[in-house]
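To start, the structure under review is shown below, and the notes come after it.
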Amino acid sequence: MKKKNKSTKLHLISKIIYVIFLIMLVSFVIYVLSLGVVPSKYVVVLAFITAIILIIFGILIIKKEIKGWIRGIFTALASMNIIVILLLFIYLLETFSFIDHVFIKDYQIDNYYIIVKTDSIYDTIKSIENKNLGTYTNNISNYKKAIEKLKEKIKYKSKLFDSYYDGVDRLLNGDIDALLISSSHYEIMSEAYSNFKTDTRILDKIIIKIPRNKVPNNKKVEDSFTVYISSTDIEGDISTTAKSALNMLVTVNLNTNKVLLTSIPTDYYVDLKDLGYKDRLAYAGFYGIDKSISTIESFMGIDIDYYIRLNYTSLKNVVDAIDGIDIYNDTKFTSQIDKNCKYEQGNIHLDGRCTLAYARERFLYKEGDRKRVVNQQNVLKAIINKSLTSKTIILKYFNILKSMSNSFETNITQKNIIQLINYELDKMPNWKFDSYNLNGTDDMKKTYSSPNREVYVMEPDLSTITTAKNNILKLLKEN
């Protein structure tokens, strides 16, 4: 009697597990189909397989005539599948939660520094109370917001300057005790004054969060398109204003499975779109991603469909998330940016820290930025190749998503991303990469961002611009 009761209980438990399995499997299939990530040719197959699994498991678990040990095996299989389905649900929810957070942020962050001379006696913001502090008088609303926040912290004697060059000169000459300067102007000054960063130090920082309009890109992914990849030279929140230390165009043709990487030197001396002045391309980033895009479109004569904006945090974290990358290095050297990073000649393995230093290095090479863009292309290809391997994607999936949190931004819509996932699953393409680098001649000139001092720029070689444009247009039209 006890044996019969035990058998009845086990049969009931098997039924309950089957019902849970049925509900979860059907819900999961419906959810996946609703996302649109499954290619249409797989939809019928997926539905058919689901139905067969449910029928077989139902018969072998529910029917009393089935031997107990057979029912036990399939009950165990159903239990394991419930766990698998839960994990798959988590994968998908994490994925689309990540996608929801990488779109254009509804704010922009501007940082403002209070700087003093390196040998100054002042060591805290309170130590310059009632001292002479220089501020920029140009009618820039964000500077005004920074000044308002500064006044909430301390009282000071304001010394006004209509040029941040004047302010820096007065600080270095000892005429004022401290200077309020935006992080953008701080970077420009570090280019205009050779020892600016060693002669000054940051005493405090003011953060201004500025609302901005989110303009979604409603373009449909076509057979071919061009993506602008920009990387700022800072870490932290991706919405922080900064110059663009990487300017790369990625042209993709889905018909031929070809990808063309076109690198543009950061110091390219170009007309800033709608401003009527020339500047280094890197500095266009100070005026927003849209300014960088419109400037590149203008001097290259092409259309950019989408953009992806990264920062140093993105690169370092992604490489660490996939346990490093392997590249071929043609020159043995020790990084000037990070002395702990030493590179042997030949095939080398890099972690996130040394990948970042490798991608940033340029002054060590006689080719300068020309060599840096080649290294950046190699790093990007290595990340793509490592990330898309089945082993890495499965084992490091959540690490990859976490690594890119808050340090990655794009105007590619969720619908577009699903289209691309669908294409990858449907075609399983073998991507073929090619690359091209724009070139120019070294020069020293005044720029829109540095009107008082000459800074290093690269005068564009128009023939390389023409070649790059033709390469892109040719790939876009290939069938």
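All residue numbers in this chain count up from 1 along the given sequence.
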Carboxylate-amine/guanidinium proximity below 4.0 Å for [X] and [Y]:
{"X": "Arg353", "Y": "Asp338", "answer": "yes"}
{"X": "Arg370", "Y": "Asp442", "answer": "yes"}
{"X": "Lys445", "Y": "Glu454", "answer": "no"}

### Message
side chain to side chain donor-acceptor pair (under 3.5 Å) for Gln108 and Thr241? Distances and angles first, verdict last.
### Response
CA-CA 7 Å; Gln108 172 184 312; Thr241 301; 3.0 Å; yes
### Query
For the residue pair Tyr358 and Tyr343, does the interplanar ring angle fall in the parallel (under 30°), tilted (30 to 60°) or perpendicular (over 60°) class?
tilted
### Message
Classify the ring geometry of Phe21 against Phe57: parallel below 30°, tilted from 30° to 60°, perpendicular beyond 60°.
### Response
tilted
Could you report the tightest heavy-atom contact between [X] and [Y], atom names first, then the distance?
{"X": "Leu261", "Y": "Lys381", "answer": "CD1-CG, 3.8 Å"}
{"X": "Leu475", "Y": "Thr251", "answer": "CD2-O, 3.5 Å"}
{"X": "Ile322", "Y": "Lys386", "answer": "O-NZ, 2.7 Å"}
{"X": "Leu476", "Y": "Ser224", "answer": "O-OG, 2.7 Å"}
{"X": "Leu272", "Y": "Ala284", "answer": "CD2-CB, 3.7 Å"}

### Query
Does the pair Arg372 and Glu361 meet the rule for a salt bridge (Lys or Arg N to Asp or Glu O under 4.0 Å), with working shown?
CA-CA 6 Å; Arg372 179 170 64 169; Glu361 194 68 59; over 6 Å; no
